[in-house]
S.K.: 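Dropping a structure here in structure tokens format, bear with me for questions.
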Amino acid sequence: MDYSNLRRQAASMKKSLFDQGYLDEQFCQVEDLQDEASPNFVEEVVTLFFKDSGRLMSNIEQALEKYPRDFNRWDTYMQQLKGSCSSIGASRMKNECMSFRDSCGQGNVEGCMRSFQKVKREHAVLRQKLESYFQLLRQAGPAGAATRPVM
């Protein structure tokens, strides 16, 4: 197996995630925390993010159904999700969370619903893309660890 080719593919995939706005600089900062003592740190953090964000989105979905027009409650839940997105550099998701919160501030139920659908779509797409990225990194081996994309 050509590990250098796999590493190039992983680097290209990561650059694409940045170029398309899925990730921002915060993701690189998380990668900087990875070392030999915890070689899977980033993947573990991202896995925890998806577990936590799934729970938060479920809470938001329930709040939208059980508490119609309770913008303060909706906004509180979305603030938590936005913070989680920010912590790993999930830029597109974070931006959609901000749109949702803007709609809450305007008392715009339809805007909140539209934004929440976009949040869920961005979440699903990001999960798929990062799962593919980490799978490629695992195939490339330890030398395929995090490298900053050239911006």
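Keep in mind that the numbers below use all heavy atoms, side chains included, and drop hydrogens, waters and symmetry copies. Quantities reported herein were computed from a predicted structural model and do not represent experimental measurements.
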S.K.: Which distance, rounded to the nearest 0.5 Å, do you find between the OG of Ser16 and the CD of Gln9?
M.R.: 13.0 Å
S.K.: Can Lys94 and Asp24 be said to form a side-chain contact (heavy atoms from CB on, under 4.5 Å), step by step?
M.R.: CA-CA 10 Å; Lys94 179 186 73 175; Asp24 63 25; 3.8 Å; yes
S.K.: If hydrophobic clusters are built from ILVMFWY residues whose side chains come within less than 4.5 Å, do Met98 and Tyr22 share one?
M.R.: no
S.K.: Tell me the closest heavy-atom pair linking Arg69 and Gly107, and the distance in Å.
M.R.: NH2-O, 3.9 Å
S.K.: Hey, are the side chains of Ile60 and Leu64 touching, using non-hydrogen atoms and a 4.5 Å cut-off?
M.R.: yes
S.K.: Taking only residues two or more places apart in sequence, or in another chain, which ones meet Tyr77 in a side-chain hydrogen bond (donor to acceptor under 3.5 Å, both in side chains)?
M.R.: none
S.K.: Locate the shortest heavy-atom distance separating Gln26 from Ser86; write the atom from each residue and the value.
M.R.: CG-O, 3.0 Å
S.K.: Identify the heavy atoms of Trp74 and Cys104 that sit nearest to each other, and give their distance.
M.R.: CB-SG, 3.9 Å
S.K.: Quick check for you: to the nearest 0.5 Å, what is the distance between Ile88 atom CD1 and Phe50 atom CZ?
M.R.: 5.5 Å
S.K.: Answer whether the closest heavy-atom distance between the side chains of Thr47 and Glu44 falls below 4.5 Å.
M.R.: no
S.K.: Checking side-chain contact (heavy atoms from CB on, under 4.5 Å) for the pair Asp52/Ser84: CA distance, chi angles, key distance, verdict?
M.R.: CA-CA 8 Å; Asp52 188 51; Ser84 291; 3.2 Å; yes
S.K.: Linking I/L/V/M/F/W/Y whenever their side-chain heavy atoms sit closer than 4.5 Å, directly or via other members, would Leu48 and Met93 fall into one cluster?
M.R.: no
S.K.: Taking side chain as C-beta onward, heavy atoms only, is Cys28 less than 4.5 Å from Phe18?
M.R.: yes
S.K.: Does a side-chain N-to-carboxylate-O contact under 4.0 Å join Glu31 and Lys14?
M.R.: yes
S.K.: So do Leu137 and Val42 actually touch side chain to side chain, heavy atoms under 4.5 Å?
M.R.: no
S.K.: Is Arg55 close to Asn59 at the side-chain level, that is, under 4.5 Å between some pair of heavy atoms?
M.R.: yes
S.K.: Which heavy-atom pair separates Ala140 from Arg7 by the least distance, and what is that distance?
M.R.: O-NH1, 3.2 Å
S.K.: What is the distance from atom CG of Leu81 to atom SG of Cys97, rounded to the nearest 0.5 Å?
M.R.: 4.0 Å
S.K.: Are any side-chain N or O atoms of Ser58 and backbone N or O atoms of Gly54, one a donor and one an acceptor, separated by less than 3.5 Å?
M.R.: no
S.K.: Do Ser38 and Asp35 come within less than 4.5 Å of each other through their side chains, counting heavy atoms only?
M.R.: yes
S.K.: Within the 4.5 Å heavy-atom criterion, are Phe71 and Asn108 side-chain neighbours or not?
M.R.: no
S.K.: As a quick check of understanding, evaluate side-chain contact (heavy atoms from CB on, under 4.5 Å) for Met13 and Lys129, giving each step before the final call.
M.R.: CA-CA 9 Å; Met13 184 182 289; Lys129 288 181 178 290; over 6 Å; no
S.K.: On the 0 to 90° scale, with breaks at 30° and 60°, tag the Phe116-Phe100 ring pair as parallel, tilted or perpendicular.
M.R.: perpendicular
S.K.: So, using side-chain contact (heavy atoms from CB on, under 4.5 Å) as the criterion, who are the partners of Arg101 when residues are at least two apart?
M.R.: Asp75, Met78, Gln79, Lys82
S.K.: State the OG-NZ distance between Ser12 and Lys15, to the nearest 0.5 angstrom.
M.R.: 8.0 Å
S.K.: Indicate yes or no: at least one non-hydrogen side-chain atom of Phe134 is less than 4.5 angstrom from one of Val46.
M.R.: yes
S.K.: Donor-acceptor pairs under 3.5 Å, side chain of residues 117-128 to any protein atom, not counting sequence neighbours: which ones?
M.R.:
{"residue": "Lys120", "atom": "NZ", "partner": "Glu61", "partner atom": "OE2", "Å": "2.9"}
{"residue": "His123", "atom": "NE2", "partner": "Ser53", "partner atom": "OG", "Å": "2.8"}
{"residue": "Gln128", "atom": "NE2", "partner": "Ser132", "partner atom": "OG", "Å": "3.4"}

S.K.: Rounded to the nearest 0.5 Å, what separates atom CD in Gln80 from atom OG1 in Thr76?
M.R.: 7.5 Å
S.K.: Can you measure from CD (Gln29) to CG (Leu33) and round to the nearest 0.5 angstrom?
M.R.: 8.5 Å
S.K.: Taking all heavy atoms of Arg73 and all of Ala63, pick out the closest pair and write down the distance.
M.R.: CD-CB, 4.1 Å
